[in-house]
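Note sheet for the following structure.
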Amino acid sequence: MMEDEGRLKTGIWVSAVLRQASLTGNPAVVLHRGDADAGGVLMVLRDRHDMMTVLAQTRTPDGRRAWFRATGEAAVDQAAVDTYVTRQMGRDPDLWVVEFETPDLAPPFEARLI
């Protein structure tokens, strides 16, 4: 996305990512709307076989947005995703949760995976 993405409010950033995914044919839905200004973000990726992974937002040492596979390297089922998301939302009620359909569990948006 943008070089200064860290300055974007979360709600605006999520809207841009949803639009980007839509343009590439990856349907998405906001499962939980968090704080519009500064909420954290979880991205749930679902493949054609209903296997999933959760990407959690973090920052690199230089302050750029980055992601890590919060549910591990292997794909997981809906129950594992629900457990993880519920636990994280219990810790942070301002969290955004966005789900994407993607054929290969790759993020349908520009993402730095670490």
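For the ring-ring contact (aromatic ring centres under 6.0 Å, His included) condition, no pair includes a residue of residues 17-65, sequence neighbours left out. Residue pairs satisfying the salt bridge (Lys or Arg N to Asp or Glu O under 4.0 Å) criterion with at least one member in residues 85-103, sequence neighbours excluded, are listed as follows: R46-E99.
Judged by distance alone, the side chain of T71 and the main-chain N or O of V54 form a donor-acceptor pair under 3.5 Å. In this structure, T86 contributes its side chain and T83 its backbone to no donor-acceptor pair below 3.5 Å.
Two residues are said to be in side-chain contact when any heavy atoms from C-beta on lie closer than 4.5 Å; R112 and R65 fail this criterion. No side-chain heavy atom of D35 sits under 4.5 Å from any side-chain heavy atom of T10. The closest side-chain heavy-atom distance from P108 to V17 is not below 4.5 Å. Looking only at side-chain heavy atoms (C-beta outward), V76 and T53 stay at 4.5 Å or farther from each other. With contacts defined as side-chain heavy-atom distances shorter than 4.5 Å, the pair I114/T58 qualifies.
Scanning all heavy atoms of the two residues, the minimum distance from P107 to L45 falls at N-CD1, 3.8 Å. Counting all heavy atoms, side chain and backbone alike, P103 lies closest to D47 at O-CB, 3.7 Å.
When the shell of 6.0 Å around CZ of R69 is examined, it contains more than 12 heavy atoms from other residues, nucleotides or ligands.
Taking CG of D37 as the reference point, atom CD1 of I12 lies at 8.5 Å (rounded to 0.5 Å). In this structure, the separation between CG on L8 and CH2 on W13 is 9.5 Å, given to the nearest 0.5 Å.
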Q: Mind running side-chain contact (heavy atoms from CB on, under 4.5 Å) on V98 and V29 for me, showing each step along the way?
A: CA-CA 6 Å; V98 182; V29 62; over 6 Å; no

**Q.** Worked check of side-chain contact (heavy atoms from CB on, under 4.5 Å) between V30 and W96
**A.** CA-CA 8 Å; V30 175; W96 287 76; 4.1 Å; yes

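Transitive grouping of hydrophobic side chains (ILVMFWY, heavy atoms separated by less than 4.5 Å) keeps M51 and V44 in distinct clusters. F68 and L95 fall into different hydrophobic clusters, where Ile, Leu, Val, Met, Phe, Trp and Tyr are joined by side-chain heavy atoms under 4.5 Å apart, directly or via other members. Residues V97 and L105 fall into different hydrophobic clusters, defined by Ile, Leu, Val, Met, Phe, Trp and Tyr side chains chained together at heavy-atom separations under 4.5 Å. Tracing side-chain contacts under 4.5 Å through hydrophobic residues (I, L, V, M, F, W, Y), one never reaches L55 starting from V81; they form parts of separate clusters. Using a 4.5 Å cut-off between side-chain heavy atoms of Ile, Leu, Val, Met, Phe, Trp and Tyr, with links allowed through other members, L42 and M52 fall into the same hydrophobic cluster.
Partners of F100 by ring-ring contact (aromatic ring centres under 6.0 Å, His included), not counting sequence neighbours, listed by chain and number: F109.
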